[in-house]
Amino acid sequence: MNIRLYNEALEKAKSYGQEHLLKYVGELSCEEADKLLDQIVNIDFELSQKLFKMAKEEGESKSAQLNVTPLPCCEIASMSQDERERLESIGKNAISENKVCAVTVAGGQGTRLGHDGPKGTYSIGLPSGRSLFNILCDKLIRLCNENKGRIPWYIMTSTENNGQTVEFFEKNNYFGYPKEDVTFFIQGMLPIVDSKTGKILLRGKGEVAMGADGHGGVFKAMLDSGVLADMKKRGAEYVFLCGIDNVLVQMANPLFIGFAIDENTDCASKGIIKRDPYEKAGVFCYNNGKPAVVEYTELNDELRFAKYDNGEYKYGDINILNYVFKFSVLNNIANVGLPYHTAFKKAPFVNDDGVVVKPEKENGYKFETFIFDAFSQLNSMSVLRGVREEEFAPVKNKYGEDSPETARALLMAAGEN
């Protein structure tokens with residue numbers, strides 16, 4: 001065991017009343033002990049304490065804090081052919097001039113799908129056997145070939161899945177994408193704390209319980225990892241950002257890129273109309289005069305059912321994690337930071353007897369950030385409404401709605417296999 005590291009970890013943990021994290025260090029091998037100690041010295045204990053206090057004080061209903069008004073959108077289906085072609089031409093020119101890059105948030109595991117590995121390595125059962133990474137990669141390859149440009153692809157992983165993700169790409173020869181145009185970077189992690197005491201949990205005797213800081217962590221991770229510096233070096237002006245699990249996502253779509261450039265807003269967001277008032281998805285709006293996404297759980301029935309005279313929902317465009325940011329705004333977002341949200345989870349932990357307990361009830365606070373919370377920092381945002389069957393087929397559940405089966409059917413209906 002590294003004695004210097006042990007002393008540093010013990011001193012730091014003690015000063016925040018978290019010395020229990022070292023309770024079992026004497027039972028570990030030297031390698032296991034040093035790994036635990038390294039985890040401990042890198043914990044931001046002050047932030048952890050602050051977030052626990054925030055979680056305990058949260059009591060006011062979020063809906064009471066809302067002051068929402070509709071955020072207008074531009075509908076692709078209502079555009080003339082000339083307008084579509086004009087915007088596509090703008091987007092294609094930006095791609096051919098190497099002004100566009102792509103970021104994919106892929107830090108999750110495929111556990112809910114019964115898949116042992118990074119979610120991006122999961123195959124939805126297409127005849128081709130392609131994984132989620134492969135599907136997105138093929139879209140980028142076609143785009144680069146059609147427009148004779150290069151689109152650097154930045155993939156955010158987590159400490160849990162980074163090694164497997166990189167290995168997967170290397171094993172598959174990067175699916176034909178230029179290796180020099182693919183960059184992996186790791187999102188931040190935060191300790192999971194006991195919801196009653198604020199004590200940081202141990203997942204095992206030699207491991208602190210940690211959770212990824214949410215997809216909103218992408219901004220800080222891009223800054224800390226040097227991704228923003230690399231984008232600047234490559235001359236990127238527009239950053240397309242999406243999640244890994246939507247097989248219909250139109251990667252760096254020229255019309256969408258062109259729309260973002262033409263609107264000249266800090267961010268353009270792609271949305272689709274909610275299928276019914278109770279669809280479990282956040283909706284675009286203004287909140288207190290700023291662009292926002294309000295979660296479905298925060299809408300009361302008056303807002304949920306509100307319609308215009310033509311029958312359209314006033315708050316009907318749902319967020320599908322599909323954006324184009326001006327590169328120039330990303331550094332500021334990363335430096336200002338985003339608010340943390342508390343998730344109440346069933347978190348396995350080591351009890352006082354050294355036994356790993358898998359709780360039957362929620363016992364831990366996990367803290368995370370969301371990309372759409374960055375919208376309040378923007379001066380302007382535009383929403384482009386697409387068609388669900390062409391834009392959105394998420395893979396979230398093993399069976400039923402938003403499952404591999406539904407995503408596969410929609411993708412094959414769109415002409416892919």
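These numbers come from a predicted model, not from an experiment.
Under the 30°/60° scheme for interplanar angles, the aromatic rings of Trp153 and Phe169 are found to stand perpendicular.
Closest non-hydrogen pair, Lys326 versus Asn264, comes out as NZ-OD1, 2.9 Å. Minimum heavy-atom separation, Ala343 to Glu368: CB-OE2, 4.0 Å. Ile135 approaches Val247 most closely through the heavy-atom pair CG2-O, 3.9 Å. Across all their heavy atoms, Tyr286 and Pro72 have their closest contact at CE1-CD, 4.0 Å. Of all the heavy atoms in Gln187 and Ser158, the pair that sits closest is OE1-CB, 4.0 Å. In plain terms, the two heavy atoms of Leu202 and His20 that are nearest each other are CD1-O, 3.9 Å.
For the pair Ser225 (side chain) and Ala221 (backbone), a donor-acceptor distance under 3.5 Å is present. In this structure, the side chain of Asp317 does not engage the main chain of Ile273 through any donor-acceptor pair within 3.5 Å. No donor-acceptor distance shorter than 3.5 angstrom exists from the side chain of Asn172 to the backbone of Tyr174, with no hydrogens or angles considered. Between the Gln39 side chain and the Glu207 main chain, no donor and acceptor come within less than 3.5 Å of each other. Panel note: side chain Lys119, backbone Leu113; no donor-acceptor pair is recorded below 3.5 Å. With Asp38 contributing its side chain and Asp34 its backbone, the two residues share no donor-acceptor pair below 3.5 Å. Judged purely by atom type and a 3.5 angstrom limit, Lys358 has no side-chain atom pairing as donor or acceptor with the backbone of Ala347. No donor-acceptor distance shorter than 3.5 angstrom exists from the side chain of Asn331 to the backbone of Leu228, with no hydrogens or angles considered. In this structure, Asp194 contributes its side chain and Thr197 its backbone to a donor-acceptor pair below 3.5 Å. Remark: the backbone N or O of Thr111 is not paired with any side-chain donor or acceptor of Asp116 at under 3.5 angstrom.
Aromatic ring centres of Phe175 and Phe168 lie closer together than 6.0 Å.
The neighbour count for Lys35 NZ, taken as heavy atoms of other residues, nucleotides or ligands under 6.0 Å away, does not exceed 12. Shown here is Glu180, whose CD atom has more than 12 heavy atoms of other residues, nucleotides or ligands within 6.0 Å. Enclosure of atom CZ in Phe344 by more than 12 non-hydrogen atoms of other residues, nucleotides or ligands within 6.0 angstrom is indicated.
None of Tyr238, Phe256, Phe375, Phe259 except one satisfies the ring-ring contact (aromatic ring centres under 6.0 Å, His included) rule with Tyr323; the exception is Phe375. Val324 pairs in a side chain to side chain contact (heavy atoms under 4.5 Å, CB included) with only one of the listed residues (Ile257, Ile261, Asp266, Leu384), which is Ile257. Of the residues listed (Leu321, Asn319, Ile333), the one engaging Ile371 in a side chain to side chain contact (heavy atoms under 4.5 Å, CB included) is Leu321, and it is the only one.
For the pair Tyr177 and Ile151, the minimum side-chain heavy-atom distance is below 4.5 Å. Looking at Pro70 and Tyr315, their side chains come closer than 4.5 Å, going by heavy atoms from C-beta outward. Residues Gln164 and Gln109 are in side-chain contact: their nearest non-hydrogen atoms beyond the backbone lie under 4.5 Å apart. With contacts defined as side-chain heavy-atom distances shorter than 4.5 Å, the pair Asp301/Tyr278 qualifies. Between Glu360 and Lys346 the shortest side-chain heavy-atom distance does not fall below 4.5 Å.
For the ring pair (Phe, Tyr, Trp, His ring centres under 6.0 Å) test, no residue two or more places apart in sequence or in another chain qualifies with Tyr296. In this structure Tyr154 satisfies the ring pair (Phe, Tyr, Trp, His ring centres under 6.0 Å) test with no other residue, sequence neighbours excluded. In this view, Phe372 and Phe370 satisfy the ring pair (Phe, Tyr, Trp, His ring centres under 6.0 Å) rule, not counting sequence neighbours. With sequence neighbours excluded, no residue forms a ring pair (Phe, Tyr, Trp, His ring centres under 6.0 Å) with Phe240.
For the residue pair Ser382 / Thr265, a side-chain donor-acceptor distance below 3.5 Å is found, with atom types taken as modelled. Residues His115 and Thr121 have side chains that bring a donor and an acceptor to within less than 3.5 angstrom of each other.
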Using residues 89-96 as the side-chain source, report each donor-acceptor pair under 3.5 Å to any protein atom, sequence neighbours left out, with the distance given to one decimal.
residue: Asn93; atom: ND2; partner: Ser89; partner atom: O; Å: 3.2
residue: Ser96; atom: OG; partner: Lys92; partner atom: O; Å: 3.3
residue: Ser96; atom: OG; partner: Asn93; partner atom: O; Å: 2.9

In a table with atom names and distances, give each donor-acceptor pair under 3.5 Å that connects a side chain of residues 405-417 to protein atoms at least two apart or in another chain.
residue: Thr406; atom: OG1; partner: Asp402; partner atom: N; Å: 3.4
residue: Thr406; atom: OG1; partner: Ser403; partner atom: N; Å: 2.9
residue: Thr406; atom: OG1; partner: Ser403; partner atom: O; Å: 2.9
residue: Arg408; atom: NH1; partner: Ile124; partner atom: O; Å: 2.6
residue: Glu416; atom: OE1; partner: Arg130; partner atom: NH2; Å: 3.1
residue: Glu416; atom: OE2; partner: Lys139; partner atom: NZ; Å: 3.3

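Using a 4.0 Å cut-off between a side-chain N of Lys or Arg and a carboxylate O of Asp or Glu, Lys12 and Glu8 do not qualify as a salt bridge.
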